[in-house]
Amino acid sequence: MTAANTTVAEDKFFEDVQPGAQLVTREFGPLTVIDTVRWAGLQENTQQLHYDRDWVREHAGLRTFIASGAYRQALLMRMLTDWSGPRGRLRKLGIRHTYSTFEGDTMRFTARATKKSGDPEEPWIVCELEGANQEGRQILTGRCTLVLPSRS
Amino acid sequence: MSQSAETIITDELRRCIGQRGPVRSLEILSASDVRRYVDATGDANPLWLDDGFARSAGYQGRLLPPILVGWTPFSLKEPEEGKGATLDVRRQLPVPAAYTNVRNAGSETEWLKPVHLGEPLSCQSQIVDITARKGKMGVGIYVTQLEEVRNGEGELMFTRRHTVALFPEPAVRE
């Protein structure tokens with residue numbers, strides 16, 4: 001599901017973003033064991049919670065394995081850095097994980113602008129972030145600050 | 001074992017708030033680490049892969065993807081048994097032995113400057129909060145750690161407040 005299909009957007013300019021605008025939505029998944037094992041390899045995290053169905057049922061009381069929080073955060077950040085373009089920059093990110101992503105679940109992330117700097121010399125915007133699964137259940141909430149290039 | 005949110009934070013555990021780990025040099029990440037990141041996430045942004053593209057966007061060369069800044073593989077956080085002590089200050093906390101079920105509860109991260117591939121970085125961690133509360137999975141211990149990452153010149157490049165929730169195995173409930 002995570003083949004290298006990134007399309008980096010062109011530059012987004014500070015002046016073109018208005019508070020209240022929904023900026024980007026992206027869906028990832030469904031989550032497979034290949035996704036979680038690749039991530040576990042990168043992170044060198046051998047916690048069975050993220051790939052071993054039998055272990056998870058016996059020891060964690062869950063129906064199947066779950067994605068790591070860092071993996072979900074990486075996908076969310078990918079959405080933001082793709083959207084903001086080559087001269088945009090992710091400056092701050094706050095995430096609260098509210099529900100797990102299980103094998104077979106999708107992750108749909110959205111970013112909505114809520115605030116922007118009044119000074120084009122400091123061209124930042126603040127976005128509210130939300131993640132939901134295929135049933136519309138919230139899996140995370142967050143907020144980020146992006147610095148965008150200015151036309152001025 | 002029956003623990004309550006009021007009793008599980010012992011004085012010994014509370015005294016760990018403020019404790020700092022040593023300043024550690026982080027492994028310098030390579031292009032192959034970035035390739036494995038791209039394989040895992042599909043994030044083939046040319047800013048991470050193409051020096052020429054990154055220079056055209058105003059950088060000195062390709063950047064580290066933001067999630068890899070301050071990255072410490074688990075093998076360095078938690079060496080295998082008998083292969084040395086953990087360097088992670090959170091893993092040294094005197095929590096009850098049954099609290100092995102670790103969940104990522106959230107984080108607040110700030111990237112102060114872009115970090116380029118190959119740039120040497122160091123990191124220091126501090127325990128900044130330990131709380132407890134009861135939820136569906138039992139009484140959880142919530143540990144918040146502040147990580148500060150600096151470059152070779154000592155400039156602060158990245159900070160992260162990261163909270164993990166520790167629960168007793170096997171008390172997890174969907």
Options A:Pro149, A:Ser100, A:Ser68, A:Gly69, ranked by heavy-atom pairs under 4.5 Å with chain B, top entry: A:Gly69
Determine, for A:Asp11 against A:Arg87, whether the closest basic-nitrogen to carboxylate-oxygen distance falls under 4.0 angstrom. yes
Which bit of A:Ile66 is near chain B, if near means a heavy-atom gap under 4.5 Å: side chain, backbone, both or neither? side chain
Is the CZ atom of B:Arg36 crowded by more than 12 outside heavy atoms at less than 6.0 Å? yes
Given that the side chain runs from C-beta out, which part of A:Leu140 has a heavy atom under 4.5 Å from chain B: side chain, backbone, both or neither? neither
So A:Asp16 and A:Arg151, salt bridge (charged side-chain N to carboxylate O under 4.0 Å, His left out) or not? Walk me through it. CA-CA 9 Å; A:Asp16 299 338; A:Arg151 292 185 192 280; 2.4 Å; yes
Exam field: side chain B:His116 to backbone B:Gln60, donor-acceptor pair closer than 3.5 Å: yes
Looking at A:Arg78 and A:Asp82, is there a salt bridge between them, counting it only when a charged N and a carboxylate O are closer than 4.0 Å? yes
Ranked by heavy-atom pairs below 4.5 Å to chain A, first place among B:Ser107, B:Ala105, B:Ala57 goes to B:Ser107
If you apply the rule salt bridge (charged side-chain N to carboxylate O under 4.0 Å, His left out), what do you find for A:Arg112 with A:Glu128, and how did you get there? CA-CA 5 Å; A:Arg112 189 171 60 85; A:Glu128 295 291 341; over 6 Å; no
Under 4.5 Å from a heavy atom of chain A, the part of B:Tyr59 involved: side chain
Could you check which of A:Met79, A:His97, A:Lys92, A:Arg91 has the highest count of heavy-atom pairs closer than 4.5 Å to chain B? A:Arg91
Should the pair B:Tyr142 and B:Phe167 be assigned to parallel (<30°), tilted (30 to 60°) or perpendicular (>60°) ring geometry? perpendicular
B:Leu112 versus chain A, the contacting section by heavy-atom distance below 4.5 Å: both
Check whether A:Arg89 gets within reach of chain B through its side chain, its backbone, both or neither, counting any heavy atom under 4.5 Å. side chain
Heavy-atom contact with chain A under 4.5 Å, split by part of B:Pro65: neither
